[in-house]
Amino acid sequence: MTQRNTRMFAGVAGAALLLTGSGLALNALNPNSADASDAASGTTHSFNENVVEASWVNVDDGSYVRVPNVQGSFVFNQLGTTPNDELFNVFGAALTSMCSKPAVEFEAQTGGVANFYVNVGGHIKKNFTVDVSELSEDASEEALMACSCATGSPFGQAAVLGVPLASIVEMADLEEGVNTVTAYGADGFGQPLPLRYALEHDAMLVYQVNGQELTSATDGSSMQLWMPETVARYFTRNITDIELTREDAEPDVQQVDPCYRNKINIMNYADGCTFVAGDEITFEGVADDLGSPIEAIEFSFDGGATWTSCATEGATADKWVNWQFSTSFEDAGDYRMTVRAKTADGMVSPLAATLLFQVS
C-alpha cells in the first residue's frame, strides 16, 4: 500500500501565533532516542538565584496509544514570520512596550501619517533632531528578528526594516563616559539600556514590520526599537526621543523569566481530524529561547517516558527554530504528542507543548 503524507494545517496549540512563509525544505537530520530518565536531559536548572524544575508529569489515563522512541524524519530552518495582527495583539495588556501594548497602527488599517522624526539629546555636546526617513536610503537595513515576552509565553518573529541605532549614535558628539541609551515613546515610556549592549545587539529604529509601514493615529513618531536576543519590553513603540547619558552604573538588562525560557509551540491544528493508519503525518512548530541557541527539538508519544531527540545543528540564538517532524503509526487509536526544546546551555523547556490526534 502506498504511503500518503498528511499535514495538519493552520492554527496553534496553546497560543495564538500563526506561521507563514516558512519554506521548510532544509537538510534532514537523524533523530535519536533519549530516555526521560537520562541525567543529561537536565530537568532542574539554576538561573541567577532561581531554581527551575522542568518536569513532565505522566497523566496518561490509559486512553491514549503509547508508542516509545518514535522515529521519523526531521527538518528545520530559522525562517518564517508571525502575521502582524497576531504579533501586536497577543502579548498581554500592560501599558508600556510593543510586547504588551496591543494594536500597533499600520497604514492599511488606520490611514495614519508616518512620522520618522526623533530628538536626540542627553550628555552630548549639541542636541539635534533627525528625520530617520532621510537616512533610510543609505542606512536602512532589513533583518529577521524574534520577539519574546519576558514574563509570559507569547513569542513571534518578524521581518523588519529600519535604521541601525548606531547610525544615530554616530551623529552625536558624545561627552566622555556616556554609557546608557534610552528610547522614549510618545507616552513618555522608556527603558534604559547599556549603550554598548544596544550597539552590540544591532538595535534598530524600525519603521516597517512584515512589509507594512508603521504609522501614527496622532502626531507621534511611528518608529519602534527592535533588537535581537532581547525581551520585548525594550521594544518601545512610537519613539520620539533618544537620550544618550552618562550614568554612575550601566543599567541591568532584564532577561526572560526562567519559567518562560525555551518556549515551544506546535503549529498544527488537529481538532476533528482523523488520519489513516500507515499514512505519514507531518507535525510542525517553532521554538525560541532568546539567549541560548536551540540545540535540539525532542518528541514523546508515550507521555514523556521516552523522547526522540532531533538536533538543530547550526541554529543561532537571534531567531526562532522552525521545525517539522514526520512519522506514521500502524495502529488505530487516540494519540498524544508532547514536544519540548533543549538549548545549548542545557535548558529543557519548562513548558512543553502537547497535541492530541486520532488515527483510524
Side-chain angles (χ1 to χ4, degrees), residues 17 19 21-22 76-82 84 86-88 91 97-100 104 132 139-170 180-183 190-211 214 223-237 239 242 250-258 260-265 286-295 312-323 341 343-345 347:
L17 294 181
L19 184 66
S22 55
F76 82 96
N77 63 29
Q78 295 195 269
L79 304 176
T81 59
T82 304
N84 286 339
E86 299 293 342
L87 188 65
F88 293 99
F91 288 97
S97 67
M98 186 285 297
C99 177
S100 59
V104 68
V132 173
S140 64
E141 294 183 3
E142 294 181 89
L144 196 61
M145 290 192 190
C147 166
S148 183
C149 281
T151 57
S153 58
F155 68 100
Q157 184 159 284
V160 298
L161 177 66
V163 171
L165 177 65
S167 299
I168 306 299
V169 175
E170 289 170 0
T180 300
V181 59
T182 308
Q191 285 285 325
L193 277 164
L195 178 58
R196 57 164 186 81
Y197 177 93
L199 297 179
E200 288 171 358
H201 284 75
D202 300 321
M204 290 178 63
L205 302 180
V206 167
Y207 51 83
Q208 278 189 16
V209 176
N210 290 334
L214 302 176
M223 292 178 293
Q224 296 176 346
L225 182 70
W226 282 63
M227 71 184 82
E229 301 177 53
T230 305
V231 298
R233 67 171 298 166
Y234 293 103
F235 287 33
T236 305
R237 57 178 284 194
I239 295 172
I242 292 175
E250 289 186 346
D252 294 329
V253 180
Q254 182 182 357
Q255 304 298 318
V256 176
D257 185 302
Y260 293 101
R261 274 197 63 188
N262 203 3
K263 303 171 187 179
I264 190 159
N265 278 334
V286 288
D288 181 67
D289 182 61
L290 263 195
S292 181
I294 301 295
E295 185 177 73
T312 53
E313 184 176 355
T316 57
D318 59 329
K319 300 178 184 67
W320 68 16
V321 166
N322 182 348
W323 54 264
T343 62
D345 66 357
M347 167 66 85

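Keep in mind it's a predicted model, so treat the numbers as computed, not measured.
To the nearest 0.5 Å, atoms CG (Leu193) and OG1 (Thr182) are separated by 7.5 Å. With rounding to the nearest 0.5 angstrom, the CE atom of Met204 is 10.0 Å from the CG atom of Leu225. Atom-to-atom distance recorded for Thr230:OG1 and Asp318:CG is 10.5 Å, nearest 0.5 angstrom.
No donor-acceptor distance shorter than 3.5 angstrom exists from the side chain of Thr343 to the backbone of Ser292, with no hydrogens or angles considered. No donor-acceptor distance shorter than 3.5 angstrom exists from the side chain of Tyr260 to the backbone of Ser148, with no hydrogens or angles considered. Between the side chain of Asp202 and the main chain of Pro228, no donor-acceptor pair closer than 3.5 Å is present. Using modelled atom types, no side-chain atom of Glu295 and backbone atom of Pro293 make a donor-acceptor pair closer than 3.5 Å.
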Using distance only, find each side-chain donor-acceptor pair of residues 156-169 under 3.5 Å and give its atom names and separation, not counting sequence neighbours.
from, atom 1, to, atom 2, distance (Å)
Gln157, OE1, Trp320, N, 2.9
Gln157, NE2, Gln78, O, 3.1
Gln157, NE2, Gly80, O, 3.1

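Taking 4.5 Å as the limit, some side-chain heavy atom of Tyr234 sits within range of a side-chain heavy atom of Val253.
Taking Tyr197 as the reference, His201 meet the ring pair (Phe, Tyr, Trp, His ring centres under 6.0 Å) condition, with sequence neighbours excluded. Among residues two or more places apart in sequence or in another chain, the salt bridge (Lys or Arg N to Asp or Glu O under 4.0 Å) test is passed with Glu250 by Arg196.
The existence of a salt bridge linking Arg261 and Asp289 is confirmed by a sub-4.0 Å separation between a basic side-chain nitrogen and an acidic carboxylate oxygen.
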